[in-house]
Amino acid sequence: MKQMLILSGKGGTGKTTVASAFIKLSRARFFADCDVDAPNLHLLMMRDRTPTQSDYSGMPKAVINQELCISCGLCYEHCRFDAIAVDPNYHVNAFACEGCGVCEYQCPVNAVQMTAMVDGTLKLYQDEAKAFSTAKLSVGSGTSGKLVTAVKTQLKDSIKNGTTANYSDQKGEEIVIIDGSPGIGCPVIASISGVDMVLVVAEPTLSGMSDMLRILETSKKMGTRAAVCINKYDVNEKIGAEIERYCETNAIPYFGAIPFDEQVPHLINEGFSIIDSANNAGNAVKQIYLKAVKALNEQPTSDTGIVKSITALQ
Amino acid sequence: MKIAVLSGKGGTGKTFVAVNLASAASSAQYVDCDVEAPNGHLFFNPVVDETHVVNVKRPVVDNDKCIGCQACVEFCNFNALAYVKKGVMVFDDICHSCGGCALVCPEHAITERDDRLGVYTLGHSENVSVVTGMMDIGKISGVPIIKALNTFRSELTVVDCPPGSACSVIESIEDADYCVLVAEPTTFGVHNLKMVYELVEGMHKPLGVVLNKCTADKNPAEAFCQSEAITILGKITYDPILGKLGSEGKIAVRQLTYYQLFFKGLLDKIIWEVSHETNANS
Amino acid sequence: MKIAIPVDEKDLNTTVCVSFGRAPFFMIYDTTSKQYDFLDNSAAASSGGAGIKASQSIVNQGVEVLITPRCGENAADVLKAADIQMYQSKKGLGKDNVALYLNDGLSPLSAIHEGFHNHGGK
């Protein structure tokens, strides 16, 4: 089983559009959406299913028991995150609290307690043949790396306990498709961990290119192979060509370009994937998909996940 | 007056709206709080006048004083410390700079030093003074940089917020008088708009929506605003020229009279909304 | 000498866990007493820094050899500082890996994966 992760430096480049098309093309039985800040894949996949949901808790946060509090102000004085508000009672702003426990330690009357909060919801969509793992972080919560790991663990568990249906209708190995998170921070690093290949969906703009370079650097640092495709190629063909050239000079596999197609937003609004009807963008995605599968199959399976030699680290 | 521009995720045109609003004013201050991926400076290409380093605290352990009690290791909720062979190891990239380890050490063996998290720069570009926060690659949280940026306020300040609805967004709009939400006319767009709407509502900030990339097709984002009675500040029609200009880092307001007038109008509408809100609240 | 190995269950016939820092238990074999013991891994539920915390428990147990399928960079730093030798596990049972190690059937862990730096952090 091979895992392919679809990434882009930031949202809005068409990452989810490409991921949903790949899921349909590969007839993937297992897929996940790791964009836990703004998940969108569930708007396109397995919409007829009701997911099983479970609460997710990140870091426990401080809570002040008003009955015990003597308003000494020690918590306020020592909090480095401006998370203690006084109005005039002392209480904790859970959005700002990072869960360090300094206030709990300082409180002379044990009025502060570190308390688990619901920071998000894990969702698992399942039917006889497929499993789709996703999650939504609560508004204002900031523990998304751990939630990304939880999404992947949930997917792994459903693969392990998985459906008995045999996978035999395609050549090559079964592919797991993961829609990644935007940015380059900890959720992305958590997304990359353990995958066999990263496909970067780049936009041909100056900022799109700078985002792409940051993602490529991150993947390289983690020892994971990365490839590039361009979406909305015609927005700026000059920059598109520049991205292509960059890939060529740096030996980064380049799988092709998707033209801007007015049908795409229309199809998405109707809840379809772009390969569900004949259109230019859909055809281009199919070509990219074939190249991606070929590249993925040429690569040996690694069961140690992301590896890099000790000597390279020193 | 401080106006924050947000969107549920990147790519909706948040920076486009923020940059053009600031450019349309006779003079304005633009503050880029998207410290993980600041893009505004790519458009303003400002002359940088000052660069300020933002530091956070990291523990330093005096192993001669350390008695190996491991109180610091046990206290650290982030697991940033380990005690091995009569010495404490500090993992800077995991440390949240809470200062707890120094507090709990019975031997006062732990002090703190400054460690660079990133920078912010002050610059100018024609009528706009440009403040850009930039976190160094490989750091966890840019919130301390955003806190430093929050102190900037002028006659008219436009804040370009980070995408999403995480804690960094909350920090960015903390000091704002009004929030402008930018949304795309797609099912994804509505989904993301709802999230950020929920966040801004939760913080009791007045808000309005700018609908971007509108086509003749039906607009689910507009329908959402109507059903929730959210102020629609303006609609920007899908225009390939904007994509082209944006891809080259050019500012529409500075290139095309049509957009100059459009964003001037949008800005006036927002300013009216802010004064209206203030009157309504006082 | 004590040998540690991350495992899935608190059972003599348990399989090796794919994760080090987030393994639910560690199986610890003492070559002197020839006894197996199990250690709950309190780091498994951590938001971040699980590898460091798990390593600390291993260090505090006086372990000298760790058999593991993978190991994060931060965890490796702690283990190396404590002079704990790391060996690459093979798929299968924990006790079989211990037996393999004792018969020189395992090779030193040659690859360290870069951790999810602070995932779980803000």
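Lettering of chains follows the sequences in order, A, B, ..., and the numbering in each one begins at 1.
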Contact class of [X] relative to chain A, heavy atoms under 4.5 angstrom:
| X | result |
| --- | --- |
| Leu42(B) | side chain |
| Pro185(B) | backbone |
| Leu199(B) | both |
| Thr186(B) | both |
| Val104(B) | both |
| Lys218(B) | both |

For [X] and [Y], which heavy atoms make the closest approach, and how far apart are they?
| X | Y | result |
| --- | --- | --- |
| Phe188(B) | Thr17(A) | CE1-OG1, 4.4 Å |
| Arg214(A) | Glu36(B) | NH2-O, 2.6 Å |
| Leu43(A) | Thr187(B) | CD1-O, 4.0 Å |
| Tyr105(A) | Leu103(B) | OH-O, 3.5 Å |
| Ala37(B) | Asp211(A) | CB-OD1, 4.3 Å |

I'd like to check the side-chain hydrogen bond (donor to acceptor under 3.5 Å, both in side chains) partners of Tyr197(B); sequence neighbours left out, ordered by chain and number. none
Please name all residues satisfying side-chain hydrogen bond (donor to acceptor under 3.5 Å, both in side chains) with Lys235(B), sequence neighbours left out, ordered by chain then number.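 side-chain hydrogen bond (donor to acceptor under 3.5 Å, both in side chains) check on Lys235(B) returns Glu222(B).
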Using the test ring-ring contact (aromatic ring centres under 6.0 Å, His included), find all partners of His191(B) that sit at least two apart in sequence or belong to another chain. His42(A)
Do any of residues 239-249 of chain B have a heavy atom less than 4.5 Å from a heavy atom of chain A, and if so, which, in residue order?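 At a heavy-atom separation under 4.5 Å, chain A is reached by Gly243(B), Lys244(B), Ser247(B), Glu248(B), Gly249(B).
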State, yes or no, whether a side-chain contact exists between [X] and [Y] at a heavy-atom distance under 4.5 Å.
| X | Y | answer |
| --- | --- | --- |
| Glu171(B) | Phe95(A) | no |
| Lys136(A) | Met195(B) | yes |
| Asn39(B) | Leu206(A) | no |

Relative to chain B, which segment of [X] carries a heavy atom at a distance below 4.5 Å: side chain, backbone, both, or neither?
| X | value |
| --- | --- |
| Phe81(A) | both |
| Thr13(A) | neither |
| Asp82(A) | both |
| Gln106(A) | side chain |
| Ile239(A) | side chain |
| Lys238(A) | neither |

Drop me the distance from Arg80(A)'s CZ to Ser97(B)'s OG, to the nearest 0.5 angstrom.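 Output value for this atom pair is 7.5 Å.
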Separation of Glu98(A) CD from Phe78(B) CZ (nearest 0.5 Å):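 If we round to the nearest 0.5 Å, Phe78(B):CZ and Glu98(A):CD are 6.0 Å apart.
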Is it the case that atom OH in Tyr76(A) sees more than 12 heavy atoms from other parts of the structure closer than 6.0 Å?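 Open.
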Neighbour count >12 (heavy atoms, 6.0 Å) for atom CZ, Phe75(B):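 More than 12 within 6.0 Å, yes.
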Side chain of Asn77(B), backbone of Gly99(A): donor and acceptor closer than 3.5 Å?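 Yes; judged by distance alone, with no hydrogens or angles, the pair exists.
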Chain B: which of Cys79(A), Ala38(A), Gly208(A) shares the most heavy-atom pairs with it under 4.5 Å? Ala38(A)
Among Cys100(A), Gly101(A), Ser207(A), residue most engaged with chain B (heavy-atom pairs, under 4.5 Å):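 With the most close heavy-atom pairs to chain B, the winner is Cys100(A).
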